[in-house]
Amino acid sequence: MRNLSLFSINATDLQNANITATAIDVDDNVIYATSERQDLDGNVEVEIWKVEDHKTPPSVFAMFTPVSASLQGADASQVVSLRVIPESRRLSVIMRSGDITMVSLEEDATVEVEGTVEPWISAASWSPDEALLVIVTGEDKLMLMTSTFDVLSEGPIHAIEFGEDAPINVGWGSKQTQFHGSLGKVAAQAPAQAAIGSSPDDDMAPRISWRGDGAFFVVSTLSPPGPGLRRRTLRVYNREGVLQSTSEAVAGLEHPVSWRPSGNLIASTQRFGFEGGGAGREDRHDVVFFERNGLRHGEFGIRVHDLGLKGRSERRKWGYRVRELSWSSDSNVLAIWIETDEVDIVQLWTTGNYHWYLKQEITAPATDGEPGRFTSVEWHPEQALQILLTTRSRLVQRTYGWDTFASPSQPPADSGTVAVFDGMSILLTPFRVQNVPPPMSSTQIKLSGFQTPSGERLRTPIFASFSPASDILAVLWETGYTELWSLRTRLQGGPGKVMDPTNVWSGFVNHDVKNARQIQLSSSDATGSSSTIAVLWTDARSDYVSVLQLEDFSPKGDPTTIVLPHRNSRLVAMGSKIISQGPNGEILRYDLEQKEFLSVAQLDEFCLQSQGIAVPSLNGDTTTVYVGLGSSGKLRIASEESSHVLAANATSFTIASGFVIFTTTAHEAVFVPLSSLKAILDSEDVEFQPEKANWEKRRVERGSRIVVAVPSAMSLVLQMPRGNLETINPRPLVMEVVKQDIAAGNYRKAFLACRKHRIDLNVLVEYDQTKFLERIPLFVDQIHEVDHINLFLTNLGRGPLPRETIAGLCDAIRMELENKGLTKYINSILTAYVVKTPPDHEAALSLLLRLRESHPEIVEDAVKYIIFLVDANSLFDTALGMYDFSLVLMIAQHAQKDPREYLPFLRELRASEKYYQRFKIDDHLKRHESALKNLSLGGARYFEEAIAYIEQHQLYDAALRIWKGTDTYNTILELYGDWLFDRREFRQAATVFIEARSFSKAIVAHERALEWQELFCLATETGMSEEDFTAMGYRVAEDLTSKKRHAEAARVLLDYAKDIRQAVIAYVEGNHFSEARRITALNAKPELVEDIIHPAALESCAQIVEDINECRDQLRKQLNRIRELRIRKIEEPDAFYGTEDAALHNVDVMTDVSMAPTAFTRYTVAPTIASRSSKLSSKTKRKMERKIGSGRKGTVDEEEYLLKSLTKLAGRFTTIREEARGLLPHLLQFTTEHRQEGLEMQKQLTEFGEELKLSLEEIWFRPPEEVPVDSWASRMEELEMARRVNPVDKVPKPELPSSNSAWRINLFDYEL
């Protein structure tokens, strides 16, 4: 669906030259051209012209005079081949006389003749890599040379054998093996007598063409003269000059031959309708294709009738001939050089869906009243769509690009029409109405063209444009001739023509226009009668835009011509404004008041496809943003302030429905909201990263490109590489239309769109929940079908909305449905009950009970429907829980339950008393609290059973609520307390026992909970004896001591056991020396100081010193181990981490995978331990995590384990220092021995603290990071380092307590 659009023309005149051949130096972007001129002596002077850019005038670079060889007439060019050899920086000029001339490209331009081929050279061609040269000599010999002109092979070109790839024919499917009726096999085996010859227009010269990869080349030659007709044959050779295959005999095969660079086809031409030609009408002329094996592979016809031939001539039997064929470097465009009696024409053909389209025609300009003739046609070897054409004295470079001519009309009148050029026909398809696959179309416009004053008839147009506001198509020819067509597209369904195009105006916008290449059409009304036409054209000096106003399809006033500031500019589509884009990507807007162009944006590169769009901003204003897609694949956006790159891998784009939609080389369609463009332009990232943006994406088929987006149809039309179409309905486009319909209150259209495109129906509510609640009557009126309402309610119940919201919406819709008609919407009402969370089955069944009385005729269907919605067993249980046996029977019968399953159970229930019956039902339904309630209502005779039921189902909370305020409440409380006591919840049990007045059990519970304050208080209140009091005190103190609650144990011993000695012992065991000394002084027990406190102080001091020594040993061992690990990590990182070297990523080696390598192995990621670990079970993963946490020696996780261990060590040091702080003052005040021990302990604690601090600083030290040199290896190393997480980053550095001396005793310093 794409067309070739001309966007650049550069013409260079070479004064007094006779150009015959060209060569392109892609390194320096220089064109070399040879000019031949014959002197009076008959010698040919060859001039080599050098053409750089339009700023530098062309000049003669070198000149020499070879020996002339006039074997093919005086008009034949002496230069057979002209090629730049980049490796040697020389220009190869191969002459027909046999001279191989090399011209240095340096400033001296030395001309050397490397050698001469006898007797002459008929054809020559260099390989694509300039490593080999193929020559066909005048003696019909084929020579293959190297770039240093060493002969690799030489032999006759007319070989008898087929070649190395000769096929083996076993006769299957051949004509000889088939049944032939009464004629018999003899007639089938008789040879065909049809004569095979060449075309009368054949120039008799051989042709050579290489495949794009340089592995093979094809030679087209005429058979030697003989008694019969001469015919053309194609022979394929490899790089060693060995014949591979020979083409099948083709009648009327002509001299042009060109091998498609991609390698699948060899193109030539074939004539029909003469002796020796193909069987067919006389004016038939085809471009035929061959495979490498020599077999035919398709064809297409040259449209002879569209050439406008005036008759035949002696030189050209049919009035024209095909001079040459040539493929573009990307293999997408085939150029056919046609020579007619009046003019030379170059046709550009493309293919899609097995159809060949004639996209462009280039006519040679006439000079001095003579017919325009081309002397050479050549494609640029790197810039795929740039073609170089030469006349005798002019060199023309024409650059094309792919463009889609799609209608930019907006809803509701958007037709999505796309125009495709095919010669003198324009194929039109409105994708809103029809999706017609190419090469077919909804309708065709047959163009009659325009005849110039010289008699030449224009055929193929060059550009087309749709009006954004009307259904008008403008068609432009290169001469400036323009036609307007009213398409009259039918946007609604129904019988009749989809389109009925009518020509409403034709003529010239300005008679000065020449070399026109682009047109824009804008209309002020829907009819298009008032329109503005803008035509972009160029001459040798500048680019121009000619503007013509039409009123009622008639010119209004004179046209206006505006000079553009740059040559090879491009018009940017944006309404009726005249906006141009320069070759450097600068966007210029024409100011009508100032009469000049103003720069408004910069796209950083030329973008063939560009468009302006008004983007709303937060403050309500609009900002103009320009979007363009360059040849680099970068999708750019720009405003007056900045420019950014939206994507670096875009292949096509369009703007529709509030989105910039583009496809990527990753085979995705991306939807960028227009509202986000302003924020992107304001951001600091010059090259935006789409993967970081929360943009909608959709996978598309490989190589898909956008054709057109149709907002009203919510569709995006894509074209595949092979040419077929695919129409998709992306979620963003659908949602945009759905939101518009919801906002307008058109719920039916929005609902049907969501249902068709599988959009969650909750969007109808979520878009504006408040509005939806207000419009529920409107919603029910529009969506009146019961099935549709049921579908909506079902989706609403499964949606993400909160339960309360869903319940409120269901209730509101249910109430509206009940008002509209209970009997009509009974199923929807039941659905509203069921879809709530939790479902209200009882209310639904209650509704059925009411309907059974008022509308019994619909109850049966309603019951069947609710059984369809809800599990029958669940409904049966719900009905049973309503204690209505008639409802239970109705559900059971319609659910087709077996009566043997439920009738005995129902009979048993009927035989029971009312509350006991309900107890049984609730117990069956596992509604235990309700069952207990009904059992309590049954009376005191069921109390013992209730107690058992409470214990069985642990219904203590419910029981407390049920029996509160009754005589049996204390019994329930005591039962509850026993349960808590058994669960070891002693504190709660004690409270419950006190409430139940069971004080003995409360005392036991308090004692078990070690709540000694409450325990002794309760014991005092209950009058416990003194002996029991003291015994309980010793028990409680012992339990507190076992729990390390020494201070509390001492308090109990002092207050309740009255045992001072044991209290002092408890204090010193807890390191509470100050309190122990206070108690001894208070109670005048000095003997306890020497008996208990002094020995305990020495023991505590010795324990602290021992702990310090253990910590010191641990610190030193782990520090040394960390040092070893870090040295190993630097010296042997691969062995340490178990990873591969980044420098070996490109080494192709066999992996350890237990499978044979395939052709795709090199493109897949090698399996690793990490990839296999994702398949482990959860149990194995937990086991691996435990292994990691264990820090087993020699593993990667050992260092992390050591760091965590040191963190715990720092915490232990803090605890030890706090213990020493409480002990040191007493050691100083006790005996000399105590003082000496305290001095030593303080010294060791200080030294260890310093050692620990230095060690932690060393371990958690971070060296300054060096800025690496940016390279592939450094990036791979950085990626590898990112995967190797430093344990220091995972384990934070521990914080040591402040280094102040508050814990130390300064007097110890003077003891040293």
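Residue numbers run from 1 in the order of the sequence given. Hydrogens, waters and symmetry mates are skipped; everything else that's a heavy atom, side chains included, is used. Owing to the predicted nature of the structure, the values given are computational and were not obtained by experimental measurement.
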Handout entry: Nearest-0.5 Å distance, CZ of residue Arg284 to CZ of residue Phe274
Key = 12.5 Å
Exercise for the section: Give the ring-plane orientation class for Phe217 versus Trp210, where under 30° counts as parallel, over 60° as perpendicular and anything between as tilted. Expected result: tilted
Practice task
Flag the pair Arg398 and Glu478 as a salt bridge only when some basic side-chain nitrogen lies within less than 4.0 angstrom of an acidic carboxylate oxygen.
Solution key: yes
Practice task
Could you tell me the separation between the OG1 atom of Thr651 and the CZ atom of Arg705, rounded to the nearest 0.5 Å?
Solution key: 5.0 Å
Exercise for the section: Kindly give the heavy-atom pair with the smallest separation between Ser220 and His255, and that separation in Å. Expected result: OG-O, 4.1 Å
Problem - Phe289 ring center near Trp259 ring center (under 6.0 Å) - result: no
Fill in the blank from the handout: For Trp327 and Ser258 the tightest heavy-atom approach is CD1-OG, 3.0 Å
Handout entry: Sidechain N-carboxylate O distance under 4.0 Å for Asp201, Lys317
Key = no
Exercise for the section: Output yes when Arg207 and Glu324 qualify as a salt bridge under the 4.0 Å nitrogen-oxygen rule, no when they do not. Expected result: yes
Exercise for the section: Run through Asp344, Ile302, Val346 and flag the one making a side-chain contact (heavy atoms from CB on, under 4.5 Å) with Ile338. Expected result: Ile302
Exercise for the section: Indicate yes or no: at least one non-hydrogen side-chain atom of Val250 is less than 4.5 angstrom from one of Arg296. Expected result: yes
Handout entry: Trace of the side chain to side chain contact (heavy atoms under 4.5 Å, CB included) decision for His297 with Leu265
Key = CA-CA 8 Å; His297 188 93; Leu265 295 176; 3.4 Å; yes
Practice task
Under the side chain to side chain contact (heavy atoms under 4.5 Å, CB included) rule, what do Thr502 and Trp485 come out as? Steps first, then yes or no, please.
Solution key: CA-CA 5 Å; Thr502 303; Trp485 291 79; 5.5 Å; no
Fill in the blank from the handout: Rounded to the nearest 0.5 Å, the OH atom of Tyr357 sits from the CG atom of Asn3 at a distance of 9.5 Å
Problem - Asp129/Arg239 salt bridge by N-O under 4.0 Å criterion - result: yes
Practice task
Taking all non-hydrogen atoms of both residues into account, name the closest pair between Val710 and Arg432 and its distance.
Solution key: CG1-CB, 3.6 Å
Practice task
Identify whether the distance between the nearest side-chain nitrogen and carboxylate oxygen of Glu701 and Arg722 falls below 4.0 Å.
Solution key: yes
Problem - Salt bridge present between Arg271 and Glu254 (N-O < 4.0 angstrom) - result: yes
Exercise for the section: Describe, in one word, how the ring planes of Trp356 and Phe300 are oriented to each other, choosing from parallel (under 30°), tilted (30 to 60°) and perpendicular (over 60°). Expected result: parallel
Practice task
Evaluate the ring-ring contact (aromatic ring centres under 6.0 Å, His included) criterion for residues Phe671 and Phe662: first the C-alpha distance (whole Å), next the side-chain angles of each, then the deciding distance (0.1 Å), finally the verdict.
Solution key: CA-CA 7 Å; Phe671 302 82; Phe662 63 90; 8.8 Å; no
Exercise for the section: To the nearest 0.5 angstrom, please state how far the CG atom of Asn649 sits from the OG1 atom of Thr664. Expected result: 4.5 Å
Handout entry: Any side-chain donor near an acceptor of the partner, Ser465 and Gln520, under 3.5 Å
Key = no
Exercise for the section: Go through the steps for Arg292 and Asp165 under the test salt bridge (Lys or Arg N to Asp or Glu O under 4.0 Å), then give the verdict. Expected result: CA-CA 9 Å; Arg292 186 175 69 83; Asp165 296 339; 3.1 Å; yes
Handout entry: Ion pair check, Asp422 and Arg303, cut-off under 4.0 Å
Key = yes
Exercise for the section: Quickly, which of Phe606, Phe463, Tyr400 forms a ring-ring contact (aromatic ring centres under 6.0 Å, His included) with Phe7? Name it, please. Expected result: Phe606
Practice task
Look at the rings of Tyr481 and Trp477 and say which category their plane angle falls in: under 30° parallel, 30 to 60° tilted, over 60° perpendicular.
Solution key: tilted
Completion exercise
To the nearest 0.5 Å, atom CD of Gln360 lies from atom CZ of Phe421 at 7.5 Å
Exercise for the section: Start with the C-alpha distance between Phe466 and Leu521, add both sets of side-chain angles, then the distance that settles side chain to side chain contact (heavy atoms under 4.5 Å, CB included), and finish with yes or no. Expected result: CA-CA 6 Å; Phe466 291 89; Leu521 177 65; over 6 Å; no
Problem - Pairwise distance CG(Asp286) to OG1(Thr269) - rounded to 0.5 angstrom - result: 9.5 Å
Completion exercise
From the list Thr460, Asp403, Leu348, Ile462, side-chain contact (heavy atoms from CB on, under 4.5 Å) partner of Leu4 resolves to Leu348
